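This is a predicted model, so every value here is computed, not measured.
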Amino acid sequence: MKAIAVLLLCVTLFGQGYSRKILSCSFPDTLDSCEDRCGYGTDSNYSCQCNPACERYNDCCSDYTVLCKEDSTSCKGRCGENYNSQNPCHCNSKCPQYNNCCSDYEELCNSDGGGSAITDSELKSLSETLYALDTNKASASTLIIDPQTLVDDSQTSSQTDFSYNPLFRYLDEDALFFRPTYAALLAVLDNYNRMTGQAEDFSSYQLAEQQKFVEETMSNTELGRELFAFLYTKGVYRSEAEFIEDLKMMWFGLYSRNNNKLDSSGFEHIFAGEVKGGKVSGFHNWIQFYLLEKRGELNYYSHSFNGPWTTYPDVLGMQFMWDGYYKQVGSAVIGCSPEFDFAIYSLCYIARPGKQCRLSIEGKELIIQTYTWNNSSYGDGKKFIGSAFPSTP
């Protein structure tokens, strides 16, 4: 074998007085590594190869990409490339969903001209379109709020009730709650146990309610169809059925936040709210806030942030007590429809998972912060949504 022949040659030369420093007769520890072999021609003595041809014949060593390909961990010149399992990181439009993008993906591929990547300018343009299509949002005649006391950030932990009146002064339920997307949301909100550490258990009827919510908001509204059309053109989804199924798993798939119980999901955390470690966790939906306040289960204390909008939707960062448990800052988009809330959080999670997502409403910036749930996954390694909410200063 070639390796043996080279070894005998090295022994002979060394015996003739050649020094160790001149001779370099090192070998890789195994026959399935590219160490010291990058660029060599095909060699049948090895179980795998380390030259460009190995990519075509699918016989590269497992460390070929890392050891032999320049910029293997960079997106330089790779934006929009097809998926290759040998690459240690990726640079296509789906890598944000799988959390396996190269570290410079956003810098090189998520700027204008980045191929199929979703750019910041596209996010701002699409969010303005979704806002214009939100025909189910509240108006000044259907919703009146009373934010009352604005507190400094240093006061949010005081657990002091600075507001004597409820946040919601008036809501025309007849005008909003009988609309299909509102009705679908209301049907799902009451299916959860807010305490983490206690497993969720859904009946077949409740699972059907989850499916109906996704379909009502995304398939049966122009706003939802616009979101799908955009993601379809970007190559994120190949069909509407794939889009709906992925959203259902992303949002309603169960995982464990406490005590190894399947006790949580993205939807429960963001829309319904949870209690963990003696305090409110998540809870970023205005309709749930209204319902609990109306029933006397939630006491509004103050707000530490009020967005720049003078019409709905607006953004508030709120302090409140939920039946004995405190929320120091719970931000929410106030007055939007369920489909708008669901759409912008989904868009931002798909386009900017675990990062800030910069949108635009009426020419003013709305920043959504998203978080992935990294302790478990669904499908072929996709990450559940951990949280999403309006980022406040």
Side-chain angles (χ1 to χ4, degrees), residues 97 177-221 224 237 240-277 280-292 294-295 297-298 322-323 325 327 330 332 337-343 345-346 349-350 370-389:
Q97 290 179 266
F177 284 2
F178 288 99
R179 299 180 185 183
T181 58
Y182 283 86
L185 175 62
L186 295 175
V188 179
L189 281 176
D190 62 0
N191 291 343
Y192 293 95
N193 180 344
R194 66 175 181 167
M195 305 302 296
T196 60
Q198 300 180 21
E200 298 289 356
D201 183 22
F202 302 117
S203 67
S204 58
Y205 185 79
Q206 290 172 326
L207 292 173
E209 290 177 333
Q210 296 174 5
Q211 179 76 26
K212 185 174 180 61
F213 172 77
V214 178
E215 292 177 349
E216 283 291 353
T217 55
M218 295 294 101
S219 294
N220 297 344
T221 66
Y237 296 108
E240 185 180 3
E242 181 187 5
F243 170 62
I244 294 299
E245 182 62 24
D246 190 49
L247 289 187
K248 187 176 72 171
M249 290 302 301
M250 179 194 304
W251 279 95
F252 290 98
L254 291 174
Y255 49 81
S256 175
R257 289 187 188 268
N258 189 19
N259 202 30
N260 293 319
K261 303 290 186 181
L262 294 179
D263 59 354
S264 183
S265 67
F267 182 88
E268 178 180 7
H269 182 80
I270 297 166
F271 280 80
E274 300 177 300
V275 172
K276 181 181 179 182
V280 176
S281 180
F283 201 134
H284 302 289
N285 178 253
W286 74 272
I287 296 172
Q288 175 75 329
F289 194 109
Y290 165 79
L291 293 171
L292 292 171
K294 179 184 176 183
R295 295 201 296 261
E297 298 175 18
L298 186 150
W322 180 15
D323 199 18
Y325 297 95
K327 180 70 174 181
S337 69
E339 57 264 38
F340 184 82
D341 235 3
F342 195 58
Y345 290 151
S346 298
Y349 185 69
I350 292 167
T370 71
Y371 289 98
T372 60
W373 183 257
N374 293 317
N375 296 332
S376 57
S377 60
Y378 68 95
D380 52 353
K382 289 187 176 183
K383 301 296 185 180
F384 296 107
I385 183 169
S387 191
F389 52 86

With rounding to the nearest 0.5 angstrom, report the CG to CZ distance, D323 to R295. 10.5 Å
Would you name the heavy atoms of G330 and H284 that are closest together and state the gap between them? C-ND1, 4.3 Å
Close side-chain approach of Y349 to K383, heavy-atom, < 4.5 Å: yes
Residue pair K261 / Q198, side-chain heavy-atom distance below 4.5 Å: no
Under 3.5 Å donor-acceptor, S346 side chain and A343 backbone: no
Charged N to carboxylate O below 4.0 Å: is that the case for K212 and E215? no
Between E274 (side chain only) and M195 (backbone N and O only), is there a donor and an acceptor less than 3.5 Å apart? no
How long is the span from the CD1 atom in I385 to the OG1 atom in T372, to the nearest 0.5 Å? 9.5 Å
Would a line drawn from the ring center of F342 to the ring center of F213 be shorter than 6.0 Å? yes
Gap separating the CG atom of N285 from the CD1 atom of I287, nearest 0.5 angstrom: 5.5 Å
Quick one, Y345 with I270, criterion side chain to side chain contact (heavy atoms under 4.5 Å, CB included). Give me CA distance, side-chain angles, the key distance, then yes/no. CA-CA 10 Å; Y345 290 151; I270 297 166; 3.9 Å; yes
Tell me if the aromatic rings of F384 and W251 count as close, with their centers under 6.0 Å from one another. no
Would a 4.5 Å heavy-atom cut-off, applied to side chains only, mark D263 and N258 as touching? yes
Candidate pair V214 and F252, rule side chain to side chain contact (heavy atoms under 4.5 Å, CB included), full reasoning: CA-CA 10 Å; V214 178; F252 290 98; 3.7 Å; yes
If you count every heavy atom of other residues, nucleotides or ligands that lies below 6.0 Å from N259 atom CG, does the total exceed 12? yes
Just wondering, do K327 and W322 contact through their side chains at under 4.5 Å, heavy atoms? no
Establish, from distance only, whether the side-chain atoms of T181 and E216 form a donor-acceptor pair under 3.5 Å. no
Output, in order, the C-alpha distance, side-chain angles, deciding distance and verdict of side-chain hydrogen bond (donor to acceptor under 3.5 Å, both in side chains) for E240 and S219. CA-CA 8 Å; E240 185 180 3; S219 294; 2.8 Å; yes
First locate atom CG of L292, then atom CZ of R194, and finally report the distance between them rounded to the nearest 0.5 Å. 8.5 Å
Using the side-chain contact (heavy atoms from CB on, under 4.5 Å) definition, which of the options Y325, F289, Y290 pairs with L298? F289
Could you grab the distance from atom CZ of F283 to atom CD of E268, nearest 0.5 Å is fine? 12.0 Å
Going from CG on L291 to CH2 on W286, what distance comes out if it is rounded to the nearest 0.5 angstrom? 9.0 Å
For S265 versus G253, what's the shortest heavy-atom pair and its separation? CB-O, 3.4 Å
I'd like to check I350 versus M250 (side-chain heavy atoms, cut-off strictly below 4.5 Å). Are they in contact? yes
Checking N375 against Y255: is there a side-chain donor and acceptor pair closer than 3.5 Å? no
A272 and Q288: which non-hydrogen atoms are nearest, and at how many Å? O-NE2, 3.0 Å
Compare all side-chain heavy atoms of F267 with those of V188 and state whether any distance is below 4.5 angstrom. yes
Do the non-hydrogen side-chain atoms of M249 and K382 ever get within less than 4.5 Å of each other? no
Assess the residue pair E209 and N191 against the criterion (side-chain hydrogen bond (donor to acceptor under 3.5 Å, both in side chains)); give the C-alpha distance rounded to whole Å, side-chain angles, the decisive distance to 0.1 Å, and a yes or no. CA-CA 9 Å; E209 290 177 333; N191 291 343; 2.8 Å; yes
Apply side-chain hydrogen bond (donor to acceptor under 3.5 Å, both in side chains) to the pair K248 and Q211, showing each step before the final yes or no. CA-CA 7 Å; K248 187 176 72 171; Q211 179 76 26; 2.9 Å; yes
pair V275-T196: side-chain heavy atoms closer than 4.5 Å: no
For residues F202 and Y192, establish whether the separation of their ring centroids is below 6.0 Å. yes
